[in-house]
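Take a look at the structure set out below.
Remember, it's 1-based here, ligands and their atoms both numbered in the order they're listed. Residue indices begin at 1 and follow the sequence shown.
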Amino acid sequence: MEDYQYFLEKVNKFHGHTCAGIALGTRIALAAMKHLGLDPYKDNRKNIIAYVEVDRCMADAVMVITGCSPGKRSLKYVDYGKFAATLVNLSTGKAVRGTVKKVFSNKGDKEETLREILTTPDSRLVTLQDVNVEIPELDKPGPPKNKAVCEVCEERIVDGREVIQGGQTRCRACAYEKYYTECK
Ligand SMILES: [Zn+2]
Ligand SMILES: [Zn+2]
């Protein structure tokens, strides 16, 4: 309980508020780390790659507790819209996927919800599943392994994200669709 409170505070400082999402994310991250033999009090930044399956509150908890971040290429966002995260221990190669057994909402008594999340034992709150994660070479941390230039927009592309289309090297934005439109 004390541990959870400590880590929840740490996540709160980054996330900006305390909610069921970060409380559950904290529980998943700590349970997964324990399962992989990783000490959350230590600096694990070079030792873990985390996959988060949703870009909501919970992802911030996983990021803060594991020390993984997109800037270090150690936090991967997989757009599944699912309340789950997978942690890979890079020194052992072991990986575990964590989800929650129960849905908690932020409606109702917040204090009560948080207390329930923090006091329910791992066995009744978190489902851990041993998994294998094949991390592609081009997804691993370290200097960019591949550099290209889009023949349409002439912008640089790293890490093998270019595609060959119509005999041209193109960035994904030019090859498929952009998430933005240019202002006229
Ligand atoms: Zn939140
Ligand atoms: Zn382009």
Exercise. Which N, O or S atoms belonging to the protein are less than 2.8 Å from the Zn ion (ligand 2)?
Worked result: Cys150 SG, Cys153 SG, Cys171 SG, Cys174 SG
Problem set entry | Flag, side chain of Glu151 to backbone of Gln168, donor-acceptor distance under 3.5 Å | no
Problem set entry | Any pair counted as salt bridge (Lys or Arg N to Asp or Glu O under 4.0 Å), so long as it reaches residues 57-66, sequence neighbours left out | none
Hydrophobic cluster membership, [X] vs [Y], 4.5 Å side-chain cutoff:
X      : Y      : result
Val64  : Tyr6   : yes
Ile48  : Ile135 : no
Val133 : Leu38  : no

For this session: With sequence neighbours excluded, tell me which residues meet side-chain contact (heavy atoms from CB on, under 4.5 Å) with Glu112.
Result: Asp109, Arg115
Exercise. Take atom OH in Tyr77; do more than 12 heavy atoms of anything else shown fall under 6.0 Å from it?
Worked result: yes
Exercise. If you count the non-hydrogen atoms of other residues, nucleotides and ligands that lie under 6.0 Å from NZ in Lys46, is the total more than 12?
Worked result: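 No, the 6.0 Å shell around NZ holds no more than 12 heavy atoms from other groups.
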For this session: Taking 2.8 Å as the upper limit, name the protein N, O or S atoms near the Zn ion (ligand 1).
Result: His15 NE2, His17 NE2, Cys19 SG, Cys57 SG
Exercise. Taking 4.0 angstrom as the limit, do Arg161 and Asp159 come out as a salt bridge?
Worked result: no
